[in-house]
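Worth knowing before you read on, the calculation uses all heavy atoms, side chains too, and leaves out hydrogens, waters and symmetry mates.
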Amino acid sequence: MIKHHPESTMIQAFTAGELSASLSIAVSIHLDLCPHCKAIAAKMTQALADEEFNEELDLSASEDFSAIMANITAEPVTHQPAPVKAATTIKVEQKVYTLPRALNKFADSKWSGLGNIQRARLPLEEGEVHASLLQIGEDSAIPHHTHKGYELTLLLDGCFEDESGRYEKGDFIILNGEHQHSPYTAEGCLCYTVSNAPLHFTSGVSKLLNPIGRFLY
């Protein structure tokens with residue numbers, strides 16, 4: 001069950017087309033997985049449409065309007081079924097995942113690994129903001145850390161837990177420098193992440209990992 005959702009202001013910005021590509025992808029995936037937020041987005045989209053097209057059309061302005069409509073309605077109507085696209089899958093460390101439609105074009109992204117963590121950077125070209133697919137292997141954890149900027153994590157498959165609770169498929173989590181945690185997954189998980197700064201490890205010997213924190217960024 002999804003417990004963590006984007007704020008209504010972010011959904012509003014998404015429906016208005018005001019989000020960056022990396023954040024739009026995250027919200028789009030969450031809406032496909034979350035009926036509650038999808039309904040909110042639909043209402044916001046309708047409100048924007050009503051606002052945009054609230055002026056009444058002056059159909060009498062064109063003497064040819066009736067003729068135009070007659071020509072349109074006289075056209076034969078053909079119904080062609082939309083092609084059914086096969087689900088796009090990827091294989092990471094011998095595990096197969098089905099990608100959300102918003103990520104289909106990134107199926108061939110190059111993966112690199114560090115221990116039980118695999119990462120594929122997405123080529124969105126947004127300067128300091130990096131978007132990635134991140135797989136954490138079974139019975140693995142990311143050492144205790146905080147964030148120098150913000151980090152959005154959208155869980156695509158599996159589950160993980162930290163000091164604040166358990167997260168499952170569809171959960172939309174945004175953390176910043178006010179948060180510290182150490183995510184652990186027993187079964188392994190796949191996430192979509194967006195961040196604008198490297199992780200900063202904070203506990204014991206894990207501080208030695210800070211020079212490689214950019215791998216997860």
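A heavy-atom distance below 4.5 Å is found between the side chains of I90 and W111. Looking at heavy atoms from C-beta onward, Y97 lies out of side-chain contact with K91 at the 4.5 angstrom threshold. Using a 4.5 Å heavy-atom cutoff, the side chains of C159 and R166 are in contact. Under the 4.5 Å side-chain criterion, counting only non-hydrogen atoms from C-beta, S164 is not in contact with H181. Here the side chains of K95 and Q135 are in contact, with some heavy-atom distance below 4.5 Å. E18 places none of its side-chain heavy atoms less than 4.5 Å from the side chain of Q12.
In plain terms, the two heavy atoms of S22 and E126 that are nearest each other are OG-OE1, 2.6 Å. Residues T146 and N176 approach most closely at OG1-O, 3.9 Å, considering heavy atoms. Contact between A26 and L154 at its shortest, heavy atoms only, is O-CD2, 3.4 Å. Smallest separation of non-hydrogen atoms from Q118 and E93: CG-CG, 3.5 Å. Taking both residues in full, the closest heavy atoms of L19 and M10 are given as CD1-O, 3.7 Å, listed atom of the first, atom of the second, then distance. In terms of heavy-atom proximity, G170 sits nearest to L33 at CA-CD1, 3.7 Å.
If you take OG1 on T98 and CG on L103, they are separated by 12.0 Å, rounding to the nearest 0.5 Å. Rounding to the nearest 0.5 Å places SG of C189 at 12.0 Å from OH of Y167. A distance of 7.0 Å separates CG in N196 from CD in E128, rounded to the nearest 0.5 Å. Distance OG/S112 to CD1/I117: 11.0 Å, rounded to 0.5 Å. Separating the OG1 atom in T15 from the CG atom in L31 is a distance of 9.5 Å, to the nearest 0.5 Å. Note that SG of C191 is 5.0 Å distant from CG of L155, once rounded to the nearest 0.5 Å.
In terms of hydrophobic clustering, with Ile, Leu, Val, Met, Phe, Trp and Tyr side chains grouped at heavy-atom distances under 4.5 Å, I2 and Y192 are assigned to a common cluster. Under a hydrophobic clustering in which Ile, Leu, Val, Met, Phe, Trp and Tyr are joined whenever their side-chain heavy atoms come within less than 4.5 Å, directly or via other members, I174 and F160 fall into different clusters. Hydrophobic clustering, with ILVMFWY side chains joined whenever heavy atoms are under 4.5 angstrom apart, keeps F14 apart from M44. Linking ILVMFWY side-chain heavy atoms closer than 4.5 Å, directly or via other members, places I11 and L23 in two distinct hydrophobic clusters. Linking ILVMFWY residues whenever their side-chain heavy atoms come closer than 4.5 Å, directly or via other members, leaves L152 and I173 in distinct clusters.
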Report the C-alpha separation of T185 and E138 in whole Å, then their side-chain angles, then the decisive distance to 0.1 Å, and conclude whether the side chain to side chain contact (heavy atoms under 4.5 Å, CB included) test is met. CA-CA 6 Å; T185 175; E138 296 179 4; over 6 Å; no
Run the numbers on S182 and I142 for side chain to side chain contact (heavy atoms under 4.5 Å, CB included), then give the verdict. CA-CA 6 Å; S182 178; I142 297 178; 5.7 Å; no
Side chain to side chain contact (heavy atoms under 4.5 Å, CB included) evaluation trace for I29 with L156: CA-CA 9 Å; I29 295 171; L156 303 178; 3.9 Å; yes
Dump the intermediate steps for side chain to side chain contact (heavy atoms under 4.5 Å, CB included) on F106 and I25, then the final yes or no. CA-CA 12 Å; F106 302 113; I25 289 172; 4.0 Å; yes
S132 vs R121, test: side chain to side chain donor-acceptor pair (under 3.5 Å). Steps then yes/no. CA-CA 4 Å; S132 304; R121 178 73 50 76; 3.3 Å; yes
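The pair D32-R101 meets the salt-bridge criterion, since a charged nitrogen lies less than 4.0 angstrom from a carboxylate oxygen.
With L133 as the fixed residue, the side chain to side chain contact (heavy atoms under 4.5 Å, CB included) test singles out one of V92, L99, T193: L99.
Between D171 and H4, the side chains place no donor N or O within less than 3.5 Å of an acceptor N or O (distance only, hydrogens not considered).
Remark: the backbone N or O of I136 is not paired with any side-chain donor or acceptor of S140 at under 3.5 angstrom. A donor-acceptor pair under 3.5 Å is absent between the side-chain atoms of S28 and the main chain of S24, judged by distance alone.
Ring pair H5/H36 is perpendicular by interplanar angle, where above 60° counts as perpendicular and below 30° as parallel.
A distance below 6.0 Å separates the ring centres of F172 and H30.
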